[in-house]
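Just so it is clear, the structure is predicted and the values come from calculations on it, not from any experiment. Here is how names work: the chains are called A, B, and so on, in the same order as the sequence lines, proteins then strands, and each is numbered from 1.
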There are 2 protein chains.
Amino acid sequence: MSAIKQSHQDAIRKATELFWAKGFHATSMRNIQQAMDMRPGSIYASFGGKEALFKEALNAYTANSQASLQASVAAAGSPLAGLKQFVIDAVIGGAENAPSGLCMLVKTISELTDEHADLLAEARRLLSVLEDDFAVVLQRAKEAGELSESSDCTRLARYLQMQLMGLRAYARTNAGGDEQLRALIDDTFAIIGKS
Amino acid sequence: MSAIKQSHQDAIRKATELFWAKGFHATSMRNIQQAMDMRPGSIYASFGGKEALFKEALNAYTANSQASLQASVAAAGSPLAGLKQFVIDAVIGGAENAPSGLCMLVKTISELTDEHADLLAEARRLLSVLEDDFAVVLQRAKEAGELSESSDCTRLARYLQMQLMGLRAYARTNAGGDEQLRALIDDTFAIIGKS
DNA sequence: GCTAGATTTGAACGATCGTTCAAGACATAA
DNA sequence: TTATGTCTTGAACGATCGTTCAAATCTAGC
């Protein structure tokens, strides 16, 4: 990758961090200028305006999440174990690792209205991409014998996606108690495993 | 209630709608001035600044949610049936009735950072109030024989709260498919009922 | 070294933000 | 009617918003 392409990606990574942490409206272009160490003209020449930059940030975030999921699955002993570790990291480590503990796509869907219909649609699309990734891993778990032959992986992926949203949101509510969160995650995977 | 007190409450209701629909940052005081049909001086004299008004909106929202829950339980044949109907209304009707389909308190926790630590704390506090209400209803369900004697109502309330967060967030993702949502709710209450 | 094209700079624009406050409108009691 | 205290008005403030663009700087080919 060329140096210019590299710095381009670094800049997007910085913007993604900011948008993720503060949301779309609370992040100002001046915040981004400072984080990128770039002047407004350069940013607008490279990325377009705030909305275009946010869209790139959403995609960068999703690509990163997909890579994390694959890494978890590869590191774990089995597809289902990897999936569970991915969830644990997202929910428990969320408060420290991730800017707010929440998924950036869910934050976006929560914050934005039809006033930014394109960004809303992009976040929805990317969430379904991640859900599809879940389904693929679950399918592999099924093939590995971790799930019964009759399991509906698409439905389980939907359940897992919904559950992950709830877990991360609840984790941000709940001041103490990682054990409570772990118990909820255990319950979730017990239910998935039974199906 | 005096007429002045009534108009005061009406004004807060309007502000709550706006804040709920658009979030804290995207709602401007001028939006609120227009919705309330009041001039800035009056608003600042009556409610204080934007943050104080938002805090009142959070409380008004919560009081309304509590009333809805009690109404659902009263209308239904049993505590558990009322609880389920409350969830169904929140998740399925959410997209139409509620400004964004999401709980205002969860939206707040998702949007705000430590920059507004007091508002964040207030939203967290109110969410735990609602969770306590869930626990009370579940306790009544237990007493009515809808749950086993060994059920831990506090834990079930936590589970329900988390589940509701996930369901409402997922509902905003999912363009079509009320049936999918209904199925997820059925699953949730099947699990609660089994405990 | 010189020139032409691409890139970066940072001051500046108009709009809008949350908030203030002197001045006007209104209500109440004498 | 007049005086007095309360509430309302809307223009205005300084700050910050997303964005633009002429000028300065850098880069590459001859």
**Prompt:** Is there a donor-acceptor pair under 3.5 Å between the side chain of A/Lys14 and the backbone N or O of A/Ile32?
**Reply:** no
**Fill in**
Residues passing the side-chain contact (heavy atoms from CB on, under 4.5 Å) test with B/Val73, sequence neighbours excluded, are B/Leu69, B/Val137, B/Arg140
**Prompt:** A/Phe47 vs A/His8 aromatic rings, parallel, tilted or perpendicular, using cut-offs 30° and 60°?
**Reply:** tilted
**Message:** As a test of reading the structure: which of C/dC17, C/dT19, D/dG18 is closest to the side chain of B/Met29, going by heavy atoms?
**Reply:** C/dT19
**Atom pair distance, as rounded to whole Å: NZ in B/Lys50 and C1' in C/dT16** = 12 Å
**Request:** Starting at atom CG of A/Leu18, determine the distance to atom C1' of D/dC17, rounded to an integer number of angstrom.
**Result:** 16 Å
**Request:** Take the protein atom CZ of A/Phe24 and the nucleotide atom P of D/dC17, then report the distance between them rounded to whole Å.
**Result:** 13 Å
**Message:** Measure CZ/A/Phe19 against C1'/D/dG18 and give the value in whole Å, please.
**Reply:** 11 Å
**Message:** In whole Å, I'd like the distance from the CZ atom of A/Arg30 to the P atom of C/dG10.
**Reply:** 14 Å
**Prompt:** Quick one: do A/Glu179 and A/Arg182 make a salt bridge, cutoff under 4.0 Å?
**Reply:** no
**Request:** May I ask you to verify if any side-chain N or O of B/Ser28 is less than 4.0 angstrom from the OP1 or OP2 atom of C/dT16?
**Result:** no
**Message:** Please check: side-chain N/O of B/Asn59 versus main-chain N/O of B/Glu56, any donor-acceptor pairing under 3.5 Å?
**Reply:** no
**Complete:** From CZ of B/Phe47 across to P of C/dT20 the rounded distance in Å is 16 Å
**Message:** Can you tell me how far apart CZ (A/Phe134) and CD (A/Gln161) are? Round to the nearest 0.5 Å.
**Reply:** 5.5 Å
**Request:** For DNA chain C, find the residues of residues 32-45 of chain A with a heavy-atom distance under 4.0 Å and give them by number; none if there aren't any.
**Result:** A/Arg39, A/Pro40, A/Gly41, A/Ser42
**Fill in**
Whole-Å distance, B/His25 NE2 to D/dG18 P, equals 12 Å
